[in-house]
Amino acid sequence: MAGSKTYYLTTPIYYVNDVPHIGHAYTTLACDALARFMRLDGYEVKFLTGTDEHGQKVEKSAQAAGVAPQAFTDRVSQNFRDLVRVMNFSNDDFIRTTEPRHVEAVQALWTRLLENGAIYLGAYAGWYSVRDEAFYGEDELTDGPDGRKIAPTGAECEWVEEPSYFFRLSAWQDRLLAHYEAHPDFILPPGRRNEVISFVKSGLKDLSISRTAFSWGIPVPGDDKHIMYVWLDALTNYITAVGYPNTAEGSDYARYWPADLHMVGKDILRFHAVYWPAFLMAAGLEPPRRVFAHGWWTIEGQKMSKSLGNVIAPESLVTTYGLDQTRYFLLREVAFGKDGDFSHAAMVQRINSELANGYGNLVQRSLSMIGKNCGGAVPEPQPFTAADETLLAAAHGLLGAVRAEMREQAFHRALDAIWRVVDDANRYIDEQAPWALKKTDPARMGTVLYVLAETIRHLAIMTQPVMPESSARILDQLGQGADARGFDRLGPAGALKPGTPLPAPQGVFPRYVEETKS
RNA sequence: GGCAGCGUAGCUCAGUGGUAGAGCAGGGGAAUCAUAAUCCCUUGGUCGGGGGUUCAAAUCCCUCCGCUGCUACCA
């Protein structure tokens with residue numbers, strides 16, 4: 001409904017020269033889980049991802065491939081659109097920086113910055129590495145053979161001097177610090193916030209925001225020898241997607257901006273937490289509400305790298321372990337924000353212990369008893385006992401607990417809270433022993449099974465953001481249609497109706513069994 | 001080098017002044033509805049070393065050792 005509460009969140013736009021790997025999948029997955037959560041919680045959500053397609057590296061790669069840059073990016077950006085399907089992401093838009101709407105937005109922003117006196121023409125000179133797309137300071141370089149300068153990354157550098165437009169970043173130091181001070185949750189986690197603050201306090205230099213050495217980019221309005229520096233181009237995507245420069249009342253911009261969350265990897269935090277808010281403020285626009293920098297994955301204890309050959313493609317995880325299993329593991333295994341390690345053993349542990357034995361088996365043992373002993377329909381409960389009320393209260397309390405964790409992007413703690421109720425329910429079954437009640441007190445058995453079904457209903461509704469498909473299958477088995485799965489159905493008001501026929505239960509989370517060598 | 005942070009049970013970590021905790025792993029037992037899943041009990045740490053403040057320190061201060069992050073334009 002119009003005028004309802006909105007939530008706008010974004011992933012970085014991914015550089016098309018990269019092949020999608022677990023890191024990309026992770027960033028977007030975190031946003032996806034949050035987007036799904038907010039939708040279920042009644043928000044009008046806009047969830048944006050996309051690809052960053054300009055820059056010298058892309059231009060060179062296209063040349064090497066013997067195709068025009070646009071044709072090249074059309075091809076490689078498809079890898080990231082495919083990732084959306086592989087991981088079951090629910091983004092509402094997929095932006096590409098080569099789209100006309102983006103060119104228009106970036107040029108409009110540039111013009112606005114120029115009008116506001118935030119941009120001036122100067123000259124940039126320094127040692128430049130084409131491979132790294134970066135300038136290096138004299139002190140960072142080492143001498144290579146035949147007197148060439150070598151960057152710390154091992155790339156060769158050349159001396160480049162070119163006219164360049166500059167953004168007056170130096171003018172924004174105090175206002176940025178004031179903004180961090182006034183909005184303690186603008187940068188998360190707190191450790192990263194401190195790093196950004198100390199960086200800004202150490203002094204800001206003006207930023208070179210145009211290039212003349214290559215042409216694959218968005219032309220500077222009125223001076224098309226220049227193209228815009230990749231970060232000004234890339235960051236602007238976040239307002240392109242809400243229709244900038246149309247900021248009129250009733251526009252998407254008016255509805256969704258400022259963004260509630262920019263999710264980023266820790267390596268690009270500075271661009272989002274320093275440059276981007278400065279660009280926006282200089283243009284008279286509001287900065288985003290939050291930038292969250294998450295950590296990196298190592299693989300079996302080792303840094304992920306092409307040379308080690310241990311880069312993990314999301315498809316291979318999904319094929320090996322299952323889609324929802326992969327989604328669950330990535331969000332459960334590490335404290336969101338910290339670095340984590342991906343290992344086969346840890347993955348199997350989580351799948352078997354928490355999904356198959358904990359959650360899946362709870363559902364299976366409960367529903368199969370209902371199937372066999374209650375005529376395949378939701379049983380009629382008698383008045384609840386204290387034990388029943390305790391378990392139901394835990395289930396009813398989940399939304400509040402999980403919502404608090406999701407607000408801080410603490411996905412691991414949100415899942416932990418849900419699993420405490422899974423464990424409560426497994427304890428409850430053993431204590432109530434409905435298989436014994438079957439002979440002594442069938443009516444009481446029905447009540448116990450009703451309480452279990454109702455608890456499972458809450459669990460399945462709550463696990464939808466992280467495991468959409470599996471949760472849907474559980475809700476199917478509880479006879480809960482698509483209109484009965486929002487958070488507004490949690491609590492007694494949405495409780496299962498006795499007599500509702502239920503389909504025969506089927507296992508949702510199979511155990512992971514190692515293939516034995518033959 | 002500078003600034004910041006971390007070092008707690010075999011593993012991953014929570015705990016920031018008042019009798020050392022969780023999950024997993026290990027050991028013992030119960031149950032048999034269920035994906036041989038579940039439940040109960042339990043072994044295990046001089047909280048990196050040393051010094052100090054305090055009636056009391058994993059928790060505050062100093063110092064040493066080890067590790068990590070940031071220090072300008074790479075998810």
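Chain naming here is simple, since letters A, B, ... match the order of the sequence lines and numbering starts at 1 in each.
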Remember a base hit wins even if backbone is also touched, and classify [X] as base, sugar-phosphate or nothing at under 4.0 Å, heavy atoms.
| X | value |
| --- | --- |
| A/Tyr275 | base |
| A/Lys338 | sugar-phosphate |
| A/Arg427 | sugar-phosphate |
| A/Ser202 | nothing |
| A/Gly360 | base |
| A/Val274 | nothing |
| A/Lys372 | sugar-phosphate |
| A/Pro434 | nothing |

Can you confirm if the aromatic rings of [Y] and [X] lie within a centre distance of less than 6.0 Å?
| X | Y | result |
| --- | --- | --- |
| A/Phe166 | A/Tyr229 | no |
| A/Trp297 | A/Tyr26 | yes |
| A/Tyr328 | A/Trp419 | yes |

In whole angstrom, give the distance that lies between atom [atom1] of [X] and atom [atom2] of [N].
| X | N | atom1 | atom2 | value |
| --- | --- | --- | --- | --- |
| A/Asp416 | B/A22 | CG | C1' | 9 Å |
| A/Ile429 | B/A34 | CD1 | C1' | 8 Å |
| A/Phe166 | B/C73 | CZ | P | 14 Å |
| A/Leu437 | B/U32 | CG | P | 13 Å |
| A/Asn352 | B/A36 | CG | C1' | 12 Å |
| A/Met369 | B/U32 | CE | P | 12 Å |
| A/His21 | B/A75 | NE2 | P | 10 Å |
| A/Gln349 | B/G26 | CD | C1' | 13 Å |

Exercise. At what distance, to the nearest 0.5 angstrom, does OH of A/Tyr321 lie from CZ of A/Phe329?
Worked result: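 Taking OH in A/Tyr321 and CZ in A/Phe329, the distance rounds to 8.5 Å.
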Just name whichever nucleotide pairs with [N], Watson-Crick or G-U, keeping both distances under 3.5 Å, else none.
| N | answer |
| --- | --- |
| B/A58 | none |
| B/G1 | B/U71 |
| B/C33 | none |
| B/U46 | none |
| B/U53 | none |
| B/G66 | B/C6 |
| B/A22 | B/U12 |

Problem set entry | Close side-chain approach of A/Tyr15 and A/Val58, heavy atoms under 4.5 Å | yes
Exercise. Would you say the side chain of A/Tyr229 and the base of B/C73 hold a donor-acceptor pair, judged only by whether the two atoms sit under 3.5 Å apart?
Worked result: yes
For this session: Please evaluate the base of B/A37 for a donor-acceptor partner in the side chain of A/Asn357 within a cut-off of under 3.5 Å?
Result: no
For this session: Nearest-nucleotide wise, let me know which of A/Arg192 and A/Tyr359 is further upstream toward the 5' end of RNA chain B.
Result: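 Nearest nucleotide further toward 5': that of A/Tyr359.
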Problem set entry | Of A/Ile268 and A/Glu195, the one whose closest RNA chain B nucleotide lies more 5' | A/Glu195
If you check the [X] side chain, which of [options] turns out closest?
| X | options | result |
| --- | --- | --- |
| A/Arg365 | B/C33, B/A75, B/C73 | B/C33 |
| A/Asp430 | B/A75, B/U38, B/C73 | B/U38 |
| A/Leu204 | B/A72, B/U38, B/U35 | B/A72 |

For this session: Classify the angle between the aromatic ring planes of A/Phe279 and A/Tyr275 as parallel (below 30°), tilted (30 to 60°) or perpendicular (above 60°).
Result: tilted
Exercise. Is the shortest side-chain N to carboxylate O distance from A/Arg427 to A/Asp423 below 4.0 Å?
Worked result: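 So A/Arg427 does not pair with A/Asp423 through a salt bridge.
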For this session: Quote, to the nearest angstrom, the P distance that separates B/G18 from B/G45.
Result: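 Per the computed distance, 23 Å lies between those P atoms.
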Problem set entry | Whole-Å P distance, B/C3 and B/C64 |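 The same atom, P, in both gives a distance of 13 Å.
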Problem set entry | Ring-base stacking, A/Phe199 with B/A72 (5.5 Å, 30° cut-offs) |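 No; by the centre-distance and plane-angle rule, A/Phe199 does not count as stacking on B/A72.
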